[in-house]
Amino acid sequence: MAEKRDYYEVLGVSKGASEEEIKKAYKKLARKYHPDMNPGDKEAEEKFKEVNEANEVLSDPEKKARYDQFGFAGVDPSYGAGAGGAYGGAGFDFGDLGDIFGSFFGGGFGGGRANPNAPQRGESLRTSVTISFEEAAFGCEKEVSIDRVEQCGECHGSGCAKGTTAEVCPDCRGSGMVQQRRQTPLGFMSTSAPCGRCGGKGKIIHQPCKHCGGKGMVRKRKTLKVTIPAGIDNGQTISLRAQGNAGKNGGPAGDLLIVVAVRPHDIFRREGTSVLCEAPITFTQAVLGAELEIPTIDGKVKYSIPEGTQSGTTFRLKGKGIPGLNGRGRGDQYVTVYIETPTNLSREQKEALKKFSELLGEKNYEQNKSFFGKFKK
């Protein structure tokens, strides 16, 4: 009998290697020596068997412990007794390699399917809510309605009629999968397929619940209250934990994601926590100064503009902006004034305006004088 190599040596890892290190080393070597990657190469085939054997032992905590204590004799009673060793029989089993080669070879290898009866988290749902500019600034409470999957109240999610229970599938023993073995030129290959008897569910319901039809779940219309925090902006999302579809087999429910849409305001617009607006003023107010009533999200406030205010001047109203979403402080409001040109003047008004214009000289129009002075030069 050929001398066996130490399993740690085969995989190229140390004796203190972690489970993840062993798994990583195995995958790398299994890909390298796989028969499909090395057709007709007998040496690669033997290497592949050796790597597969080493992984079978070192990836199993029980077998690994016995190997560490007793060597090959701890995991292979035939070792040293003249038998062919762990792989001296008719062939080897590819059943444990499904998670590695499935994506490379079309999923023809077995394994990798999760337990159908294990807890599964429910699907998260998404909806939207529309609010006003002021509601976004100061927060509010809204109601949203959704259609979601909930656990059946009659059978409590079991899918069985009252007083009955589901039978564990005798064919797959609750795993939902059955193993199939077939002969290949390299030996026996094991593949997994959904159990035909239970449809991959792992259990058989003989008397289904009439309310849910044996599904264990029902779809219901649900109305929920959602608190919109102050300072939220258009397009931001609020998450309501565990308000999505119910989980399966005792798994947690998914979340409800609510996208907030803020309606545009007639006067204000927003940049971060700042509120911006424009206010028209008359020529007289701009020249002589005036006390204006400026609209804010808190209501109207009085603000005095100085004499000689130019069109396009922006004034700051401190603390009149949007509250911070984290509850810290508020932004400011910025008011840009522009001079509104009067229209539909009477003859008397036009004459008065001409006389006023004649009284003014270039010295009263600094920007005009500067602009046309540069043009002349």
Side-chain angles (χ1 to χ4, degrees), residues 19 23 52 55-56 59-63 89-126 146-184 186-222 241-256:
E19 185 179 333
K23 184 177 180 181
N52 200 32
N55 179 69
E56 184 183 356
S59 62
D60 185 318
E62 228 178 271
K63 291 181 180 178
F92 48 92
D93 196 328
F94 289 91
D96 296 331
L97 300 177
D99 60 333
I100 302 173
F101 301 111
S103 60
F104 290 98
F105 306 106
F109 298 95
R113 175 170 167 137
N115 182 356
N117 297 316
Q120 298 176 35
R121 187 176 187 272
E123 181 185 11
S124 291
L125 301 177
R126 184 179 290 267
I146 55 168
D147 291 315
R148 71 181 184 187
V149 174
E150 297 183 358
Q151 191 180 81
C152 175
E154 294 292 320
C155 66
H156 305 292
S158 70
C160 302
K162 284 186 177 180
T164 68
T165 56
E167 174 194 1
V168 175
C169 178
D171 288 5
C172 65
R173 299 180 181 179
S175 70
M177 302 292 287
V178 290
Q179 296 290 321
Q180 299 173 343
R181 287 171 60 86
R182 59 190 178 89
Q183 179 73 48
T184 72
L186 299 175
F188 285 101
M189 179 165 23
S190 177
T191 60
S192 296
C195 176
R197 186 163 184 174
C198 66
K201 296 178 180 178
K203 59 185 179 181
I204 301 172
I205 299 175
H206 296 288
Q207 293 178 272
C209 169
K210 292 182 180 179
H211 187 65
C212 66
K215 295 179 180 178
M217 300 287 177
V218 292
R219 185 171 290 276
K220 284 187 177 181
R221 186 76 171 171
K222 190 76 175 180
R241 297 291 301 276
Q243 293 298 332
N245 284 342
K248 296 180 180 179
N249 306 320
D255 299 334
L256 175 60

Hey, which of Gln243, Arg148, Arg126 is the one that makes side-chain contact (heavy atoms from CB on, under 4.5 Å) with Leu256? Gln243
NZ on Lys220 to CD on Gln151, rounded to 0.5 Å: 10.5 Å
Atom pair CD1 (Ile146) and CZ (Arg221), whose distance is rounded to the nearest 0.5 Å: 8.5 Å
Is the shortest heavy-atom distance from the side chain of Cys172 to the side chain of Met177 under 4.5 Å? no
CD (Glu167) with more than 12 external heavy atoms under 6.0 Å: yes
Closest heavy-atom contact between Ser59 and Asn55? OG-O, 2.5 Å
Considering all heavy atoms, the nearest Gly200-Pro194 contact: CA-CB, 4.5 Å
Is Met217 close to Lys248 at the side-chain level, that is, under 4.5 Å between some pair of heavy atoms? yes
Pairwise distance CD1(Ile204) to SG(Cys169) - rounded to 0.5 angstrom: 4.5 Å
Could you tell me whether the side chain of Asn245 and the main chain of Gly122 form a donor-acceptor pair under 3.5 Å? no
Show me the donor-acceptor pairs, under 3.5 Å and distance only, between side chains in residues 155-166 and residues at least two apart or in other chains.
| unit_1 | atom_1 | unit_2 | atom_2 | d |
| --- | --- | --- | --- | --- |
| Ser158 | OG | Cys155 | O | 3.0 |
| Ser158 | OG | Cys160 | N | 3.2 |
| Thr164 | OG1 | Ala161 | N | 3.3 |
| Thr164 | OG1 | Ala161 | O | 2.6 |

Residues which pass side-chain contact (heavy atoms from CB on, under 4.5 Å) with Lys63, listed by chain and number, not counting sequence neighbours: Glu56, Val57, Asp60, Arg66, Val75
Working for side chain to side chain contact (heavy atoms under 4.5 Å, CB included), residues Lys203 and Val168: CA-CA 4 Å; Lys203 59 185 179 181; Val168 175; 5.8 Å; no
With a 3.5 Å distance limit and no angle check, can you tell me whether Asp255 reaches the backbone of Ser124 through a side-chain donor-acceptor pair? no
Is the shortest side-chain heavy-atom distance between Arg197 and Pro170 below 4.5 Å? yes
